[in-house]
Each structure stands twice: as C-alpha cells, then as structure tokens.
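Because only heavy atoms are used, hydrogens play no part in the values below, and waters and symmetry mates are left out as well, while side chains stay in.
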Amino acid sequence: MFKFSIIVPVFQNYNIFSLFIHSLLDNIEEKTQIILINDASPEEVNKEICKLEQIRNNILSIQIITHTTSMGCAKSINEALLLVKGEFVVLMDSDVIVKKPWQQTVIKSFSTPKIGCVGGVLLYPQTNGIQCCGITYTCGTGRHLKLNAHPESVGNNIYEVQASVFAFLTIKLEVINEIGLLNDQFFNGYEDWDYQMRIRQAGYKIIINPSLQFYHWEKSNGIHRSYNRKSNLGIFWKKHGYFVKEDLWDFIFPQINVLTEKTDFIGIDICSSRLDAETFWCQAAKRASGLISECLDYSYQIKDSSPIWLLDVLHYDFLRNPSKLLFLCDNFVQLTDNHYWIKLRERYSQNDIIVDLYGNVISFTDLTSTCWPGNKIR
C-alpha cells in the first residue's frame, strides 16, 4: 500500500518540467506512487517522461499515461484516479517546486476525520509573492486570497477555506471514493473549485497549512484555458452559487481591527469592481462602526487592473489632509508606483491603510519597499 499517490497532468515546456520533476524526486520520503499524464506534451518533454518510467526503488513507483492529443485537465485526472493506490492523493501541477518535509507536514495536517483536503501557500518564483493560499469569494466572484502579498502575511496558523487550487492539493482517498470523479464538462479550469464544493457539500473541510510553501511557475497545463474561462465559470456558478459563502469580509475585517484604531478614516474608493466596492462600504458600516467618517468615490478615474498614480487621481492639496485615509482598490500593487506621493504624505499622516479585494490589509507606508513581491492581478 502506498502512502501517497501523486497525479501530475503534463502539458509543459522542457526546462520548467525538468525543474519540477527533479524537485519532486529529490523530496520523496514516503512510499509514493507517481502518475504522470503526458497530455500531448512537446517531444522533448515526452522523451524525458519515457525515461522516468524506468525508475523503480523501495519507496517509488512511476506510471505514465500518454495522450496523443490533449484531453484537458479533468479527463486526464479522472483517468489517473482510477489507478491510485495511496492513502493520500496529491494533485500537483508540472511546474511546482517542492521541498522536504512536505509529505510529513501533509500527513500531520489531516488531524481530524472531517478534514478532506489540505492545501498550501503557492509563491511566484519570480518575486516570492503569494500566488494563492486559498480562494475567497464575494458576490459572484472568486479570488486568490492574499494575492501578491509577502508570505509572512499568512501567519503560521492552519485555517479553513472554501476552496484552494489543484496546483497543489492533497485529498484523502476515502473522500475521493465517496465523491467520485471530476466533472469533465470543465475544460482546463475550475474543475478544482467544482470538486472541492462537492467535497464540502459532503461535510468535509478544506484547510490551508502555511507550513506548506511551494514555488509555482503557473505555466498553464493545457490548451484553450483562457477561451473556456467564461463557460467554465458559468457552469460553476450555475451549480454552486447557492452554496458559496461570501467570505472575503471575514478575512478583511479582523486585519483592520488589528492594524487600526478603527475610527475616523476617510474612505477613498479607487476600485473597478463596483458591486464588491459597494458591499465593502456597507460591511464596514456594519462590522466596524465609526471606521469611515466619509467616503469619496474616485473609481471613475481608474482603468481596470492598471497602475494608479494618486497625483493623477487626487487633487495635489489632498495629501495635506490630516485625517487618516483608507484606500479601497482591486489589488494593492496598483498603488506601488506612488513613492513621491507617499514621501510627501508622510509629513501629514503615517496611518493610511490599503484594503483590497484579495483580502490584503496593509499600511500605505509599506509600499515604499524597493522590491514588492508580486504584481500580477488576476
């Protein structure tokens, strides 16, 4: 009996796949079955995968499934799920970099029978910023929690989420046997969210252990991913919209309570997502009475997902306002190009904060860091 079965769909370039497979093979400590699904990868990768099938030792077995044409992630994983023999089934992308003792950490994370899945913190190798540490939801939108933030901002405590991502996720085999296979209506996207909703509907919890931190290059596994995004999202919300909890605010307001004295901020709305922005201001009135003394809407001057230059948006004299400011934006990295404004502002206030729709709450003065750990808005 294997302790782990690792399922890896492979549609990847050679260099990234080589980094992945060497990190994986060098960091196996438990008896492990690896199932590689070669989903019509380039010939150079195909040759490398064929060599791996010859590897055998006391704790490791590698099996290969080969597709001559790409079948997509859900169908590929389903094919592999029929072959798994491990107590813990790990779904992993072919562009992740793992490190010891990840397997021991995973085992310890399943501390109660009701934990069905364990995820970790995925980091951009280019920047060391957070790529994903769980999914959080607002009305009609799911986002990667803590996107672009420092890894330290997650803390050390295990926490529960509604979903994570299949780039790295461990599921108990008994849970898979109960839930069944993935829904292959989803093509290269959102099959992971769908499957985890089904797991939660069966009464299991999904947790994130911050001790599990891996680099993830995010080189997409599969074709037509962007094109199928709309249909995948449509299927997801049609199936699970009733079950999704609007939980972003549960992550945001405890941070606000810790970081601030909770009173007398002027709210500056520079957020493109209008429904979520309006919901935030309503939630602020309910959850943090007195936090916002007035709210000023400058969202009409903002371009979607673009850098925000405050000297372009706010009147120059506004930086002299002695009141504390709370900036609401889509993601805080839109504001990193404001070094000059921040230095001028520090003469009048050093208590401004930024709140974004990915669950980040940070001090504005932190943006003077010379190298921020991420800049992707998704």
Side-chain angles (χ1 to χ4, degrees), residues 1-12 17 20-21 24 28 30-41 49 52-53 59-96 98 102-103 106-107 109-110 113 115-120 163-207 220-223 225 228 232 235-236 239-240:
M1 181 69 175
F2 291 98
K3 196 70 174 178
F4 284 87
S5 290
I6 302 175
I7 297 175
V8 186
V10 183
F11 186 88
Q12 197 58 263
F17 178 74
F20 156 75
I21 198 63
L24 180 59
I28 296 294
E30 298 288 331
K31 192 168 183 181
T32 299
Q33 171 195 31
I34 298 175
I35 305 174
L36 298 173
I37 308 107
N38 182 6
D39 197 36
S41 289
I49 290 174
L52 295 170
E53 198 168 18
I59 65 169
L60 184 63
S61 172
I62 299 178
Q63 294 174 251
I64 310 296
I65 298 171
T66 301
H67 298 159
T68 55
T69 59
S70 179
M71 297 175 61
C73 191
K75 289 183 178 179
S76 295
I77 291 174
N78 281 342
E79 196 173 351
L81 284 175
L82 299 175
L83 304 175
V84 296
K85 301 175 182 177
E87 180 182 351
F88 301 104
V89 178
V90 184
L91 301 173
M92 188 181 292
D93 277 0
S94 60
D95 56 356
V96 169
V98 303
W102 72 270
Q103 289 183 313
V106 165
I107 293 170
S109 300
F110 285 96
I115 295 176
C117 305
V118 172
S164 188
V165 290
F166 276 5
F168 177 85
L169 189 72
T170 303
I171 310 171
K172 289 188 292 189
L173 179 59
E174 62 189 75
V175 174
I176 291 173
N177 290 338
E178 179 180 344
I179 303 303
L181 299 178
L182 277 62
N183 183 344
D184 60 16
Q185 285 183 302
F186 294 91
F187 191 86
N188 284 338
Y190 303 97
E191 64 280 328
D192 48 358
W193 291 14
D194 171 75
Y195 199 65
Q196 290 170 85
M197 288 295 163
R198 291 162 58 191
I199 289 171
R200 289 180 52 248
Q201 287 161 6
Y204 295 100
K205 294 181 179 180
I206 298 165
I207 64 166
S220 292
N221 273 316
I223 58 174
R225 186 178 180 90
N228 283 278
N232 286 335
I235 296 168
F236 173 81
K239 289 185 61 181
H240 303 295

Please report the interatomic distance [atom1]([X]) to [atom2]([Y]), rounded to the nearest 0.5 Å.
X	Y	atom1	atom2	value
Asp93	Phe17	CG	CZ	12.5 Å
Glu191	Gln185	CD	CD	12.0 Å
Ile179	Gln196	CD1	CD	11.5 Å
Ile235	Tyr190	CD1	OH	12.0 Å
Phe110	Ile207	CZ	CD1	7.0 Å
Ile21	Leu52	CD1	CG	5.0 Å

Can you check whether [X] reaches [Y] side chain to side chain, under 4.5 Å on heavy atoms?
X	Y	answer
Val90	Val106	no
Tyr204	Glu178	yes
Trp102	Ile28	yes
Phe186	Phe236	yes
Val8	Phe20	yes

Would you tabulate the side-chain donor-acceptor contacts of residues 164-173 under 3.5 Å, counting partners in other chains and residues two or more places apart, or write 'none'?
residue: Lys172; atom: NZ; partner: Pro113; partner atom: O; Å: 3.0
residue: Lys172; atom: NZ; partner: Ile115; partner atom: O; Å: 3.1

Atom pairs and distances, side-chain donor-acceptor, residues 72-83, under 3.5 Å, sequence neighbours left out:
residue: Ser76; atom: OG; partner: Gly72; partner atom: O; Å: 2.7
residue: Asn78; atom: OD1; partner: Leu182; partner atom: N; Å: 2.7
residue: Asn78; atom: ND2; partner: Ala74; partner atom: O; Å: 3.4
residue: Asn78; atom: ND2; partner: Leu182; partner atom: O; Å: 3.0
residue: Glu79; atom: OE1; partner: His67; partner atom: NE2; Å: 2.6

Tell me whether [X] contacts the main-chain N or O of [Y] through its side chain, where contact means a donor paired with an acceptor under 3.5 Å.
X	Y	answer
Asn228	Phe187	no
Glu30	Lys3	no
Thr32	Phe4	no

Provide the closest heavy-atom pair for [X] versus [Y] in the form atom of the first, atom of the second, distance.
X	Y	result
Tyr195	Gly180	OH-O, 2.5 Å
Gln33	Gln63	NE2-OE1, 2.6 Å
Met1	Lys31	O-CD, 3.8 Å

Checklist entry - Please walk me through it: do Phe2 and Ile34 pass side-chain contact (heavy atoms from CB on, under 4.5 Å)? => result CA-CA 10 Å; Phe2 291 98; Ile34 298 175; over 6 Å; no

Checklist entry - Tell me the salt bridge (charged side-chain N to carboxylate O under 4.0 Å, His left out) pairs involving residues 192-206, sequence neighbours left out? => result Asp194-Arg198, Asp194-Lys239

